[in-house]
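Notes for the one structure printed next.
Just so you know, ligand 1 is whichever comes first in the structure, and atom 1 is the first atom listed for that ligand.
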Amino acid sequence: MDEKLKQVEQKLTEYGQEQLLNEYNRITDEKQKQDFLDSLLTIDYNQVNKLYEKSKEKPIVQKNKIEPIEYVDKARLSKEKYEELSKLGTQKIKDGKLAVVTMAGGQGTRLGHKGPKGTFDLGLDSHKSIFEILTDTLKEARSNYNVDIPWYIMTSDENDEETQKFFEKNNYFGYPKKCVTFFKQGKLPMVSLEGKILIDENHKIKEASDGHGGIFHSMYKEGIVYDMKARGIEWVFIGGVDNVLVKPVDPILIGLAIKQKAVAAGKSLVKANAHEKVGVFCRKNGKPSVIEYTEISNEMAEEKDELGNLKYGESHILCNLFSMKAIDKISQITLPYHIACKKAKYIDENGKLICTDVPNAYKFEAFLFDAFESLDNLSVLRVKREEEFAPVKNASGDDSPETARKLYINYHKSHK
Ligand code: UTP
């Protein structure tokens with residue numbers, strides 16, 4: 001028997017994933033058979049099985065010491081303080097010490113747009129796509145600071161080609177091509193509710209992106225950290241693709257981190273109400289952290305400080321700044337994986353395509369904000385919702401193209 005096949009069989013038997021051989025046996029083309037075997041050899045079965053086993057464990061309610069975290073309100077900075085921070089940040093930007101990373105590897109399932117989320121036409125008169133809107137922020141920085149800011153775009157296996165083609169077709173929206181680098185994020189196999197690795201409709205291992213927390217490992221693996229260091233970058237803004245009011249080049253955020261001698265900084269929005277379903281910045285066992293709304297009690301969510309502000313009222317919006325030192329540190333640790341039950345199309349053991357309307361498979365994802373706990377300090381900058389946050393998440397209703405478009409138009413009308 002073929003040595004490779006024997007090796008694969010042994011592995012699959014050891015980890016209880018023999019069902020994958022059914023697919024192998026159905027393939028008739030010899031080259032495809034070999035490719036499939038090769039792909040089976042790249043899987044870390046031990047990791048996948050462990051992640052699945054974890055999904056069955058009851059979550060351990062750890063006795064963490066949760067405390068509020070200090071924050072600075074951008075809108076309430078005195079003129080002197082604003083100028084001081086602005087000067088510190090502006091210098092770094094002008095010196096070419098800032099890079100921007102856009103995380104565009106997500107699946108955008110809620111929006112339901114066919115194609116990468118960044119290619120979505122927001123419905124403005126100009127018909128700008130989200131990617132073009134993001135490019136505008138860098139072009140503006142270019143003219144304000146006379147510097148070409150390196151822009152790294154994290155894609156995934158599913159959308160990398162289409163994303164790159166979109167930029168090519170649109171001539172990088174007038175931003176220098178040499179300043180834009182694409183890199184792919186990591187992925188992990190998806191498993192059935194019984195923990196069996198699935199086969200996708202293209203008869204390959206069904207894999208999904210490993211979450212935005214995978215960015216640190218991917219930046220290392222793909223040579224991005226090396227490239228940033230070679231360019232002398234000191235600060236990296238990392239944000240999602242889907243906030244059309246994102247301000248990735250913000251001297252105040254950089255200035256604040258420098259002033260507070262912090263290795264990272266995050267922007268926050270004040271929670272709309274005590275029970276808004278968002279994660280909030282806090283200190284967990286003394287370390288900066290983001291706590292999910294499910295993790296804090298009602299009393300804690302409602303607690304106010306002496307000024308009447310919510311003690312846990314700074315919501316995390318995936319607009320963060322990291323020093324190279326912080327990135328070096330985070331990429332050495334393994335972030336926890338969270339399990340999510342998703343609807344998945346797959347080929348079952350009998351070769352039948354399964355499509356359902358109910359979640360039928362598990363996906364494993366790391367979250368970027370889980371990295372904060374490995375850092376000693378993090379500055380939090382509260383910003384205004386109407387100035388810096390217009391997410392495109394859902395097809396309709398809250399956080400939809402319609403709400404984001406309105407916010408975008410209003411902001412640009414008042415900031416002409
Ligand atoms: P979301 O958590 O909103 O996920 O991602 P999503 O994939 O865009 O949308 P849904 O949940 O499927 O509807 C927040 C940001 O993180 C990026 C997304 O592209 C978005 O910018 N992201 C998310 C990644 O880059 N990789 C991932 O694996 C997950």
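- Tested against W151 for a ring pair (Phe, Tyr, Trp, His ring centres under 6.0 Å), the candidates F167, F173, F183 yield a single pass: F167.
- Applying the side-chain hydrogen bond (donor to acceptor under 3.5 Å, both in side chains) rule to pairs touching residues 184-202 yields D157-K184, D157-K187, Q185-D210, K187-E207, S192-E194, sequence neighbours excluded.
- Qualifying side chain to side chain donor-acceptor pair (under 3.5 Å) partners for K117, counting only residues two or more places apart in sequence or in other chains: D242.
- Using a cutoff of 4.0 Å between basic side-chain nitrogens and carboxylate oxygens, R283 and E70 are scored as salt-bridged.
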Kindly list each side-chain donor-acceptor pair under 3.5 angstrom involving residues 294-301, sequence neighbours excluded, with atom names and distances?
from, atom 1, to, atom 2, distance (Å)
E295, OE2, E292, N, 2.9
S297, OG, M300, N, 3.2

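- Around ligand 1 you find M103, A104, G105, G106, Q107, G108, T109, R110, K117, M154, Q185, S209, G211, H212, G240, V241, D242, L318, K393, each with a heavy-atom distance below 4.0 Å.
- Ion pairing of K128 with D121 is absent here, as no side-chain N (NZ or NE/NH1/NH2) approaches a carboxylate O to less than 4.0 Å.
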